[in-house]
Number of protein chains: 2
Amino acid sequence: MKEYSIGQMSRRTGVKVTTIRYYESRGLIPAPARTTGGQRRYDEAALERLAFLRHARELGFSLGDIADLIALAEAPSKDCAPAHEIARKQLAAVDRRMTILAQLREELVRMADADDPGHAGKCRVIEVLGDHRLCIGAHGRPDRSADLSGS
Amino acid sequence: MKEYSIGQMSRRTGVKVTTIRYYESRGLIPAPARTTGGQRRYDEAALERLAFLRHARELGFSLGDIADLIALAEAPSKDCAPAHEIARKQLAAVDRRMTILAQLREELVRMADADDPGHAGKCRVIEVLGDHRLCIGAHGRPDRSADLSGS
DNA sequence: ATACGATCTACAGCGACTGTAGGTTCAAGA
DNA sequence: TCTTGAACCTACAGTCGCTGTAGATCGTAT
């Protein structure tokens with residue numbers, strides 16, 4: 001059966017070496033076997049778990065959510081409503097982010113090709129960013145608690 | 001001329017009180033006038049600056065970028081190429097994020113309405129998340145450095 | 001005058017990493 | 001077999017952008 005060093009794990013999943021160790025320290029992946037010299041050696045299962053982790057992180061799940069998911073997956077079945085709840089929550093968050101990003105993209109486009117770089121003097125980038133009146137209240141919801149914080 | 005307490009600033013811009021103080025401590029907004037009792041009193045200009053800040057944050061600019069932008073805006077014109085550079089960088093980042101989010105959204109939708117919550121037993125949420133083979137390498141770029149980190 | 005919410009400072013803590021220092025191990029080539 | 005040099009190890013501090021806490025003070029409406 002195949003064995004992987006932490007570096008190979010990193011290359012195969014795209015998760016940085018330091019981050020893999022961090023995940024281990026957080027209990028998100030089990031402590032792997034070690035060589036006599038103390039280096040980590042992972043098996044196929046560990047590779048899959050790490051890929052799952054990377055995947056879930058990309059989906060925007062917090063490490064806490066992921067831990068919950070893992071616990072759910074390892075618990076003797078039971079009710080999966082909590083898992084749905086987590087997924088739905090993430091979906092809502094993603095939708096929110098996408099909406100904002102779409103609006104923002106337009107403004108950035110306006111900014112980026114406002115005038116050729118090099119032209120000194122009037123600089124639309126700063127102008128547009130400064131002229132928040134154009135969009136204050138358009139995206140975001142002033143007079144309510146900000147939802148800038150992620151997750 | 002109107003004056004605003006920090007709480008009013010917060011309500012008007014959607015930036016939390018603590019965050020406003022944080023921005024001040026980071027030098028992103030100037031220290032405002034104070035009442036004899038020591039409470040902050042802001043003017044219209046400060047309100048605009050804060051709105052700008054909120055706006056720029058929503059656009060995905062880092063506080064560092066924003067500081068640069070402010071410096072550029074306050075400097076005696078000069079060359080605005082750096083501002084363009086920042087805007088273009090952000091635009092690229094936004095595009096990247098949107099692409100990823102769009103793909104992820106689909107997976108989340110698949111998960112979220114995989115089966116009605118309540119049905120015990122098989123839980124597609126965990127199943128889908130576990131079956132990362134469906135997407136490993138599809139989004140994200142394994143074998144390259146991960147770009148999970150923001151900004 | 002009193003009450004009560006808003007504000008003050010200072011500082012610790014969070015999430016999710018990332019980087020550093022200083023040492024050890026492993027695998028491939030000479 | 002020996003030697004190199006990349007990869008690995010631990011421990012811990014630092015980053016970013018906030019957020020929360022404690023305990024005191026302020027300001028305004030009644």
Side-chain angles (χ1 to χ4, degrees), chain A residues 3-29 31-42 46 50 53-70 89-90 93 97 140 145-151, chain B residues 3-29 31-42 46 50 53-70 90 93 140 145-151:
Chain A
E3 289 204 324
Y4 305 99
S5 71
I6 198 168
Q8 288 171 322
M9 291 287 278
S10 175
R11 256 164 275 129
R12 278 168 162 271
T13 61
V15 178
K16 287 190 184 164
V17 167
T18 42
T19 306
I20 296 173
R21 288 198 279 251
Y22 171 69
Y23 287 163
E24 183 184 327
S25 80
R26 296 292 317 269
L28 289 161
I29 51 177
R34 301 275 187 146
T35 63
T36 46
Q39 300 196 357
R40 291 168 179 82
R41 284 300 115 99
Y42 298 90
L50 187 56
L53 240 166
R54 150 102 170 165
H55 181 194
R57 282 296 293 136
E58 277 181 338
L59 282 162
F61 291 89
S62 71
L63 293 188
D65 284 345
I66 294 172
D68 289 350
L69 249 8
I70 290 173
K89 214 182 66 194
Q90 285 309 315
R97 278 183 240 170
S145 67
D147 59 330
L148 287 170
S149 49
S151 181
Chain B
E3 289 204 325
Y4 306 100
S5 71
I6 198 168
Q8 289 171 321
M9 292 287 278
S10 174
R11 257 165 275 128
R12 277 166 162 272
T13 60
V15 178
K16 289 191 182 163
V17 168
T18 43
T19 306
I20 296 173
R21 288 198 279 251
Y22 171 70
Y23 287 163
E24 183 184 328
S25 79
R26 295 293 316 272
L28 289 160
I29 50 178
R34 301 275 188 147
T35 63
T36 47
Q39 300 197 354
R40 290 169 180 82
R41 285 300 117 97
Y42 298 90
L50 186 56
L53 240 166
R54 149 103 170 164
H55 182 195
R57 283 294 297 136
E58 275 179 339
L59 281 161
F61 291 88
S62 71
L63 293 188
D65 284 345
I66 294 172
D68 290 350
L69 249 8
I70 290 173
Q90 288 307 316
S145 68
D147 60 330
L148 287 171
S149 48
S151 178

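Letters A, B, ... mirror the listed sequences (proteins, then strands); counts begin at 1. Worth knowing before you read on, the calculation uses all heavy atoms, side chains too, and leaves out hydrogens, waters and symmetry mates.
No donor-acceptor pair under 3.5 Å is formed between the side chain of B:T13 and the backbone N or O of B:L50.
A:L53 places its CG atom 16 Å from the P atom of C:dG15, with the value rounded to the nearest Å. The distance from atom CZ of B:R12 to atom P of C:dA6 is 17 Å, rounded to the nearest whole Å. Between the P atom of D:dG17 and the CD1 atom of B:I20 lies a distance of 17 Å, rounded to the nearest Å. One interatomic measurement links the two molecules: CZ of B:R57 to P of D:dT19, which rounds to 10 Å at whole-angstrom precision. Going from atom OH of B:Y4 over to atom C1' of C:dT7 covers 19 Å, rounded to whole Å. Taking atom NZ of B:K16 as the reference point, atom C1' of C:dC14 lies 13 Å away to the nearest angstrom. Computed from coordinates, the B:D65 CG to D:dC16 P distance equals 11 Å when rounded to whole Å. Computed from coordinates, the A:F61 CZ to C:dG15 P distance equals 18 Å when rounded to whole Å.
Distances shown here put every side-chain N or O of A:Y22 at or beyond 4.0 Å from the OP1 or OP2 atom of C:dG15. Using a 4.0 Å cut-off, no side-chain N or O of A:T36 falls inside it from OP1 or OP2 of C:dT25. Between D:dT19 and B:T19, a contact under 4.0 Å exists linking OP1 or OP2 to a side-chain N or O. Within the structure, a side-chain polar atom (N or O) of A:Y23 is placed less than 4.0 Å from OP1 or OP2 of C:dC17.
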Nucleotide N/O to protein N/O under 3.5 Å, stretch nucleotides 5-9 of chain D:
{"unit_1": "D:dC8", "atom_1": "OP1", "unit_2": "A:S5", "atom_2": "OG", "d": "2.8"}
{"unit_1": "D:dC8", "atom_1": "OP1", "unit_2": "A:G7", "atom_2": "N", "d": "2.8"}
{"unit_1": "D:dC9", "atom_1": "OP1", "unit_2": "A:R40", "atom_2": "N", "d": "2.8"}
{"unit_1": "D:dC9", "atom_1": "OP1", "unit_2": "A:R40", "atom_2": "NH1", "d": "2.9"}
{"unit_1": "D:dC9", "atom_1": "OP2", "unit_2": "A:R21", "atom_2": "NH1", "d": "2.4"}
{"unit_1": "D:dC9", "atom_1": "OP2", "unit_2": "A:R40", "atom_2": "NH1", "d": "3.4"}
{"unit_1": "D:dC9", "atom_1": "O3'", "unit_2": "A:R34", "atom_2": "NH1", "d": "3.4"}

**OP:** Check the pair B:I66 / B:L53 against side-chain contact (heavy atoms from CB on, under 4.5 Å), numbers first and verdict last.
**Re:** CA-CA 7 Å; B:I66 294 172; B:L53 240 166; 3.9 Å; yes

**OP:** Let me see the working for A:R11 and A:Q8 under side-chain contact (heavy atoms from CB on, under 4.5 Å), right down to the final yes or no.
**Re:** CA-CA 5 Å; A:R11 256 164 275 129; A:Q8 288 171 322; 3.8 Å; yes

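Listed by chain and number, the residues in a side chain to side chain contact (heavy atoms under 4.5 Å, CB included) with B:E24 are B:I29, B:A31, B:P32, B:R34, B:R40, B:Y42 (sequence neighbours excluded). The side chain to side chain contact (heavy atoms under 4.5 Å, CB included) check on A:Y22 picks up A:S25, A:R26, A:L63, with sequence neighbours excluded.
Contact annotation: the side chain of B:R41 never approaches that of B:Y4 to less than 4.5 Å [non-hydrogen atoms, C-beta and beyond].
Annotation: of the two residues near DNA chain D, B:L63 and B:T18, the 5′-most nearest-nucleotide partner is B:L63.
Shortest non-hydrogen contact noted between A:V17 and A:G7 is CG2-CA, 4.1 Å.
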